[in-house]
Amino acid sequence: MSTETVNTDIKMRELMVREALNEALCEELARDERVFIMGEGIAQRGGSYKVTVGLLDKFGPKRIIDTPISEASFTGMCVGAAITGMRPVVEILFIDFTSLIIDQIVNQAAKYRFMSGGKGRVPMVLRTQGGSGNGLAAQHSQSLEAWYYHTPGLKVVMPSTSYDAKGLLKSAIRDEDPVVFIEHKLLYMDKGPVPDTDYTIELGAGDIKRPGNDITLVAWSGMVKRTLAAAEELSAQGIDAEVIDPRSLVPLDKEMILSSVRKTEHLIIIQEAIRRGGVASDIASIVQEEAFDYLDAPIKILAGKNTPIPFNVNLEKACVPRQEDIMRAVKEILNT
Amino acid sequence: MSTETVNTDIKMRELMVREALNEALCEELARDERVFIMGEGIAQRGGSYKVTVGLLDKFGPKRIIDTPISEASFTGMCVGAAITGMRPVVEILFIDFTSLIIDQIVNQAAKYRFMSGGKGRVPMVLRTQGGSGNGLAAQHSQSLEAWYYHTPGLKVVMPSTSYDAKGLLKSAIRDEDPVVFIEHKLLYMDKGPVPDTDYTIELGAGDIKRPGNDITLVAWSGMVKRTLAAAEELSAQGIDAEVIDPRSLVPLDKEMILSSVRKTEHLIIIQEAIRRGGVASDIASIVQEEAFDYLDAPIKILAGKNTPIPFNVNLEKACVPRQEDIMRAVKEILNT
Amino acid sequence: MKAYSREFLEQLYRTLYTIRVFETECIKLYRQGLIIGYFHPYLGEEAVATGACAALREDDYIVSTHRGHGHCIARGGQLNKMVAEVLGRETGYCKGRGGSMHIADIATGNIGANGIVGGGLPIGVGVAMGVHVRGSDQVTIIFFSDGACNNGVFAESLNLAAIWNLPVVFMLENNQYAVSSPVEEMSRVPDLYKRGEGYGVEAHQVDGNDVLAVYEKTCEAVDTCRLGKGPVLLEAKTYRHSGHHVNDPGTYMPKERLEYYRARDPIKIARNNLIEHARCTDQDIEAIEQHINQQMEKAIEFGKNSAQPSVEAFLEEIETN
Amino acid sequence: MKAYSREFLEQLYRTLYTIRVFETECIKLYRQGLIIGYFHPYLGEEAVATGACAALREDDYIVSTHRGHGHCIARGGQLNKMVAEVLGRETGYCKGRGGSMHIADIATGNIGANGIVGGGLPIGVGVAMGVHVRGSDQVTIIFFSDGACNNGVFAESLNLAAIWNLPVVFMLENNQYAVSSPVEEMSRVPDLYKRGEGYGVEAHQVDGNDVLAVYEKTCEAVDTCRLGKGPVLLEAKTYRHSGHHVNDPGTYMPKERLEYYRARDPIKIARNNLIEHARCTDQDIEAIEQHINQQMEKAIEFGKNSAQPSVEAFLEEIETN
Ligand SMILES: Cc1ncc(C[n+]2csc(CCOP(=O)(O)OP(=O)(O)O)c2C)c(N)n1
Ligand SMILES: Cc1ncc(C[n+]2csc(CCOP(=O)(O)OP(=O)(O)O)c2C)c(N)n1
Ligand SMILES: [Mg+2]
Ligand SMILES: [Mg+2]
């Protein structure tokens, strides 16, 4: 929140991430009648994670639409509607299932503007949810942001707090191009302060979640919380870590990361996805190229283990960087 | 070819990549009756790039199967057949269309072994074709190896020569796990020596396509040829580049790359895919971590431009690293 | 009713009742916090898996769904390994890596449950394609429900099986909901077997709560497939006795409708068969139930006493990935 | 035959002939190496796009395919911009970025061609959903061919349009091949409109070589949609006059079959209409053709003289991606 100037008159409420998302949808639906929402069980039932609760009553069945299990086609529908002047928001319950719609997102939504010589735009939002942590096993726990990160024409947003979730989702809906908006299943019930005003957060503006001088820690989505917890504990041990949450991976606030690294000379990137081919590798490749002479040690990546996520809770936990892993890595890199 | 010991008695033929692939399929079909092939237009018509020519006549319609345009399902069929003892090879004409089957590959094929506690295996090969260069525009020109590279449970192979194509495809078919085998549309007619014996190439063994001392150039698939051409021309200018073709990206011959970098202290990675989130970034992140102290300069990545591929031939060419880009980058990094 | 041996009717009842007990007991374990994640009970639908699998040969195949415990049991799955798996133990079918949604039992030809709705459809057609290439006459039953019919792979798979005459029984368990979405709102033609005709696929509807009705229709379909004249699409109309998963109260299910189907409880119907056509007494049946209850108790014991997978061993295992 | 004005029949003929000339001349450019990539001619199928688009209002929409030139022209596309696009020029519909497979003309409500077979189906249903949400009465025609019917999105899209009564005409151009694969081998029921019934969708077959037959059936379908009773599936049976793309000799197409359809050439049929029902003379028609030939010549001139896109400008453009 540190990068936004927040008026001190504004009332802050403690909202859960899912409530903040709900407010964002609600406000944008009210503000712009071109906005409509599609997904499985989002209307009557209000969504599996209760993000869309109450919207059907407020906006009616023409704009809050329960769909059959036809992910590819109802996502494709949003592309068509967006091209012709609407602003659809489609929910795919698990990012794992976006494997069914990636053709619509990558071959259609992401390319249409370009292929039409700039005449057509596709202002749609794909809301989806990823990450592990609930014993949901291999087909409901993936972290697949790297697929979309690798696709020209898409923006990719991954909020970690209630405040960010609301402000970013509103920006995503107002954006003229397709945005992949990835929520984390473990964050929906997390609470945080949200002002009662109509604010947005620019896509591409990272956030320094904790300023510090000794080392830069970059983390997003589900990893931010445990990175902050690690930083707090390290601070008690005399290590002052800066925690950066890029919030949107595309566009990426490269400058925020680079200037932090130029200051701290040490970088660890923490991601839940498996390391191979992940976003962390890409950020590392950028930083080593653009801040080579500032780096005092190799950039370290903490990432998910190279395996499908297991059902057993102990194994599942072992697959993803934990607070203690982060602390250990920091000490290792700083030789303390 | 340099890493394999080739018996000098062996007759070498000059074969096109597509002929080498055809031989591999032919030999494996003959060797193992569990092998069968599915795809669009692969039987009667012998495939759009003629890779499967003649197989229908030799092996009959039970094993060489023309499919409807139902990519998701005929790929899923291969998963089911593989689980129950067959060794299917499925062709998806363009890697762009694998967006329609990524659920079957990532959620089913790649995970089944793991999810079944190791009891089930999925020995199937997905043969597909990528890259730009024929004026086929945005939906027929992508380089999407990074998606599969990021998926635990898959192997990813990308040959650049006739010899490699044949030996690697045979290994892929014999492998016990799913392999994504990506050909390049511009290479099918390229000729190269292929022995007339039953050889295979281990998945995970890179190949030094040109030894050198001054700089390491890593390239695969369509980029190898122009990297070698650049190296030759640089050699005339006194720069001795080592060209490494990993051939398989998963498993990756990390050691070959690292030991080369420890020797040359300079690394450029050349990939056709867009840079953001590409395999090159991942290789860079590994090398900077594991050979930090050997690097004399930041690792450079030459990659495709961040855009869907345009139809116009001049624009298309400008999207992908060219020989002169490689030469320029080498000189820049070596300060010559 | 055709004449069936007492032994056969008892066997059907045993299977039905085992599924009922497995689900009921596991729901208790779930509520105790011992089972986590998604758990989709098959309560109320037991006759479909039981009748269908009874029509199969030992070397045949089935492909299951996220609601897969019934299929696994009907195909001869072991309670011990099932309980251990849903408890996430090393002794489970998938060594605790899979859980409820991914149980597979290759020994009984059960290719496995699936977390992707519709995911099993092409896989099953492919199993049949393997059979076809090998020149064998094994039959594959693919289980799926109404929701999966709206995933494009249903139409694709039906068509693929059709053009190659593959030995597949598409067993549509129409329980009339996809989570909370009623089939009447998700399709203009809620009798989903009618989709078969456009693809030239023989299709029938059957009472999914009557195990013998399911058995008989499946036998016919299996015969058709075995003769190389497949596929066949069977729609078994049925209804869940509870919500979509353990944590879903299922408030969207109209009371009268639920009552109607509860009155047509597949277990009750099969029990009546035993009494009316096989001269079983209440005591006979109680003995059967008693035995199964004990097996289930033992299975729970086994599961609870089984070791959790070792994190160290797991991390070592995946080192080579 | 119903009574049509001479003006209307001439207009249809003009469209048909324009498509014919566009494809014929572009094939020449292709053979000269001036057009590259995939080029899928619509030769032989002209009556489908022409008849269908004639039934639309100016503010309606169409969604096209990889074989899309005919749709674009029938909807009022400009030859200059089309030729420039297939030549890859800056003045083309997509500034040379799209090429034949991606021409879109938002001004005429042509959402565009598509390189993914079936890709346009959900997009078109979504266009109609937008209409529905806005409360407008615009109709969308989605063009697609037999091959696309086997992509799962066909079934999904049909069902989605059906449950929401969306104003969509699914216009199935059954030219009986997907590349070299004959429709009879890819489906047991080659009369693909029959798939509609299982989804509760009104469906009809029509002679795709007879522009008036297509026009009339489409008018009915459009009316149905406009009244909020859509969707409608129309299957127009037709045949290509040549291979799948310019470089495909089409040797798999049986001679007699091809001859049969050539004899039923849509241009010939429409020409006969003009002579028999509109009292046109050969000279009248020649004048029309002459005019179109000249327009096409000018378009080619325009295209050839247009600048290639600037590489520098392009690289600058994408800097901000
Ligand atoms: C492709 C896909 N979409 C959505 C889901 C989430 N989901 C899990 S079960 C379910 C309902 C499935 O309905 P149905 O096919 O009728 O099976 P039933 O639960 O009735 O047995 C849904 C939507 C999923 N697992 N996979
Ligand atoms: C999803 C997908 N699969 C395969 C292809 C390759 N391909 C291009 S056109 C074509 C045939 C399409 O047949 P049909 O739908 O009947 O259209 P027609 O060419 O007859 O107009 C195929 C297979 C593709 N472009 N997209
Ligand atoms: Mg159901
Ligand atoms: Mg066709």
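A note on names: the letters A, B, ... follow the listed sequences, proteins ahead of strands, and every chain is numbered from 1. What you see below is based on every heavy atom in this structure, not just the backbone, and it leaves out hydrogens, waters and symmetry mates.
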| What's the verdict on salt bridge (Lys or Arg N to Asp or Glu O under 4.0 Å) for C:Arg75 and C:Asp60, showing C-alpha distance, side-chain angles and the deciding distance? | CA-CA 10 Å; C:Arg75 190 62 193 153; C:Asp60 288 331; 5.6 Å; no
| message | Can you list the residues of residues 189-199 of chain C that sit under 4.5 Å from chain D, counting heavy atoms only? | response | C:Val189, C:Lys194, C:Arg195, C:Glu197, C:Gly198, C:Tyr199
| Do you know which of D:Ala155, D:Gly200, D:Ala162, D:Gly152 has the most heavy-atom pairs with chain C at a distance under 4.5 angstrom? | D:Ala162
| task | Scan side-chain atoms only and decide if C:Thr65 and C:Asn114 contain a donor-acceptor pair under the 3.5 Å cut-off. | result | no
| query | Any side-chain heavy-atom pair from C:Glu156 and D:Asn151 closer than 4.5 angstrom? | reply | yes
| said: To check you understand the geometry: which heavy-atom pair defines the closest contact between D:Ser64 and D:Asn110, and what is its length? | reply: CB-OD1, 4.0 Å
| Salt bridge flag under 4.0 Å for residues C:Glu220 and C:Lys229 | no
| said: I'd like to check D:Arg240 versus D:Leu258 (side-chain heavy atoms, cut-off strictly below 4.5 Å). Are they in contact? | reply: no
| query | At a heavy-atom separation under 4.5 Å, does C:Asn150 approach chain D through its side chain, its backbone, both, or neither? | reply | both
| Which region of D:Glu184, side chain (C-beta onward) or backbone (N, CA, C, O), has a non-hydrogen atom less than 4.5 Å from a non-hydrogen atom of chain C, or is it both or neither? | neither
| task | Run the salt-bridge test on C:Glu235 and C:Lys237 with the 4.0 Å N-O cut-off and return the result as yes or no. | result | yes
